[in-house]
Amino acid sequence: MFDLTLWIRENVRMMKPYSCARTEFTGEASVFLDANENPYNTGLNRYPDPLQWKLKEKIADLKGIGAENIFLGNGSDEPIDLLIRVSCHPGVHNVVAIDPTYGMYLVAAETHGVEYRTVPLDEHFDFSAEPLLRKTDGQTRIVFLCSPNNPTGNVLNEQEIVKLLESFQGVVVLDEAYIDFSSGKGFLHRLHEFPNLVILQTFSKAWGMAGVRLGMAFASKDIIAALNKIKYPYNINVLTQQTALERLEEPTLHEEWVVSLVKERHRLKEKLAALPLVLQIHPSEANFLLIRVANPNPLYQYLVNRGIIVRNRNNVSLCSGCLRITVGLPAENDALIEALSAYLE
Ligand SMILES: *Cc1c(COP(=O)(O)O)cnc(C)c1O
């Protein structure tokens, strides 16, 4: 069974968190002389709510979970970093991840001197629990999964995710940054079944707010409390909280974007499939397509010269020959297709 107390690093378990002015006082007041703020009202002169309750209540309503099951971070990158910091002692503990996947899990592990072990995906870019479990040992704190996966675009096998959650003694981080574009439901509705599950989602993709830097982690309230203990006290600034609250007032906009982008993904896929230079298009449940071509490097450079930037994934494991193409506006996708049609190999 998963033991949260043992999972948390001993020094973190023992420490007392920083206590900010707005945490020590709760209640009604009108004169705030506690935080050395500038009293002249600029709209931004006060520190933000360190636990972002208003925003979390809104997200909780939308997602159908408790506000105490939500952690908000400076992008998903913050919870990825904190999950490693809260559980892994440098040089002692390790984490395991599928390969290829999102690059920040490795960067966060290496930053903290935590060993990063990988298990290659199969020929369908899917995974099985068993080989991942074999990579773990008594010092493995986290297994990272990403579904739909980046850069491959596919969703991972649900039964295997469940098997991993039930067999692994540490935390399974399931990154669902692209879940809004997927026909699957993801795991949020099953969060309460698994005390060792952390789900990551973000405002950067479907919500169209990559610029505000707001990532979400969903987990048991005890895991969330552990992350809150070590985060920067005011990690989400006032502007970000306000902007996200405003956007959440009109959630239909985000749904419309998702519908158009998924439609556009299908259209782009058909157009690409008709081009002889495109050898393969991997199935995608995200807002991007991974394609394989014979000579990715010159093709990438050709597109750059025409002012079109895609992501060259040629050097990523299992992705040789691959370019990752984000689904853009119809006119942008047309510009890409036009450029590719004019390319002479
Ligand atoms: C884009 C992306 C994110 C989002 O990161 P933010 O820091 O929230 O912008 C997270 N995970 C994956 C796999 C991604 O591709």
Side-chain angles (χ1 to χ4, degrees), residues 52 55-56 59 63 70-85 95-109 111 116 118 121 125-127 142-156 161 171-182 184 186-188 197-219 227 231-232 235-237 239-241 243-244 247-248 254 257-258 261 265 282 284-290 309-313 316-319 322-328:
Q52 313 99 20
L55 186 49
K56 283 181 183 170
I59 296 169
K63 301 280 181 184
I70 304 174
F71 174 89
L72 297 179
N74 185 338
S76 307
D77 297 340
E78 184 181 356
I80 291 166
D81 182 72
L82 292 182
L83 283 159
I84 290 179
R85 270 207 275 156
V95 299
V96 172
I98 54 171
D99 183 44
T101 193
Y102 186 47
M104 278 309 291
Y105 318 136
L106 170 63
V107 169
T111 302
Y116 185 84
T118 59
L121 294 171
F125 291 142
D126 207 345
F127 90 115
I142 298 172
V143 171
F144 285 101
L145 300 178
C146 183
S147 179
N149 189 29
N150 179 4
T152 61
N154 59 302
V155 292
L156 299 176
I161 295 175
V171 160
V172 175
V173 173
L174 179 61
D175 190 338
E176 294 188 338
Y178 299 98
I179 196 67
D180 303 80
F181 303 106
S182 161
F187 268 75
L188 197 54
L197 172 61
V198 176
I199 295 171
L200 301 180
Q201 293 184 9
T202 179
F203 280 84
S204 297
K205 308 286 158 61
W207 284 97
M209 304 185 83
V212 303
R213 309 306 301 130
L214 189 60
M216 300 168 270
F218 306 107
L227 297 179
K231 78 181 183 75
Y232 290 159
N235 60 326
I236 308 295
N237 68 66
L239 295 172
T240 294
Q241 293 192 43
T243 312
R247 175 56 48 79
L248 287 167
H254 138 273
W257 283 335
V258 168
L261 287 169
R265 182 183 76 207
H282 292 283
S284 172
E285 301 248 348
N287 65 338
F288 58 83
L289 291 169
L290 188 71
I309 315 301
V310 298
R311 197 87 199 266
N312 189 348
R313 299 283 79 183
V316 170
S317 33
L318 307 183
C319 294
C322 288
L323 300 176
R324 195 192 68 194
I325 300 167
T326 306
V327 178

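Just follow the structure's listing: the first ligand is 1, and inside any ligand the first atom is 1.
In terms of protein heavy atoms, atom 11 (N) of ligand 1 is closest to Asp175 OD2, 2.7 Å. Among protein heavy atoms, the minimum distance from atom 15 (O) of ligand 1 is reached at Tyr178 OH, 2.6 Å.
Taking every heavy atom of both residues into account, Gln201 and Ile179 meet most closely at NE2-CG2, 3.7 Å. Shortest non-hydrogen contact noted between Leu318 and Asp99 is CD1-O, 3.9 Å.
Here CE of Met216 is found 5.5 Å from CD1 of Ile59. Values are rounded to the nearest 0.5 Å. Gln241 contributes atom CD, which lies 9.0 Å from atom NZ of Lys56 (distance to the nearest 0.5 angstrom). Annotation: the span from Asn74 atom CG to Asn235 atom CG amounts to 7.5 Å, rounded to 0.5 Å.
For ligand 1, the atoms closer than 4.0 angstrom to any heavy atom of Lys205 are 1 (C), 2 (C), 3 (C), 4 (C), 14 (C), 15 (O). Residue Ser204 approaches ligand 1 through these ligand atoms, each under 4.0 Å from one of its heavy atoms: 6 (P), 8 (O), 9 (O). Listed by number with element, the atoms of ligand 1 under 4.0 Å from a non-hydrogen atom of Cys146 are 13 (C). Here is the list of ligand 1 atoms found below 4.0 Å of a heavy atom in Ala177: 2 (C), 3 (C), 10 (C), 11 (N), 12 (C), 14 (C). Those atoms of ligand 1 that come under 4.0 Å of a heavy atom in Gly75, given as number and element, are 6 (P), 7 (O), 8 (O). Atoms of ligand 1 lying under 4.0 Å from at least one heavy atom of Arg213, given by number and element, are 6 (P), 7 (O), 9 (O).
Heavy atoms from both the backbone and the side chain of Asp77 come within less than 4.0 Å of ligand 1. Counting heavy atoms closer than 4.0 Å to ligand 1, residue Phe203 contributes nothing at all.
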Applying side-chain hydrogen bond (donor to acceptor under 3.5 Å, both in side chains) to Arg324 and Asn150, what does each step give before you reach the verdict? CA-CA 9 Å; Arg324 195 192 68 194; Asn150 179 4; 2.8 Å; yes
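In this structure, Phe288 has its ring center at least 6.0 angstrom away from the ring center of Phe181.
For Phe187, there are no ring pair (Phe, Tyr, Trp, His ring centres under 6.0 Å) partners, not counting sequence neighbours.
Of the polar atoms of Tyr105, none of the N or O atoms is found under 3.5 Å from an N or O of ligand 1, judged by distance alone. Considering backbone and side-chain atoms together, Asn74 places no N or O closer than 3.5 Å to any N or O of ligand 1.
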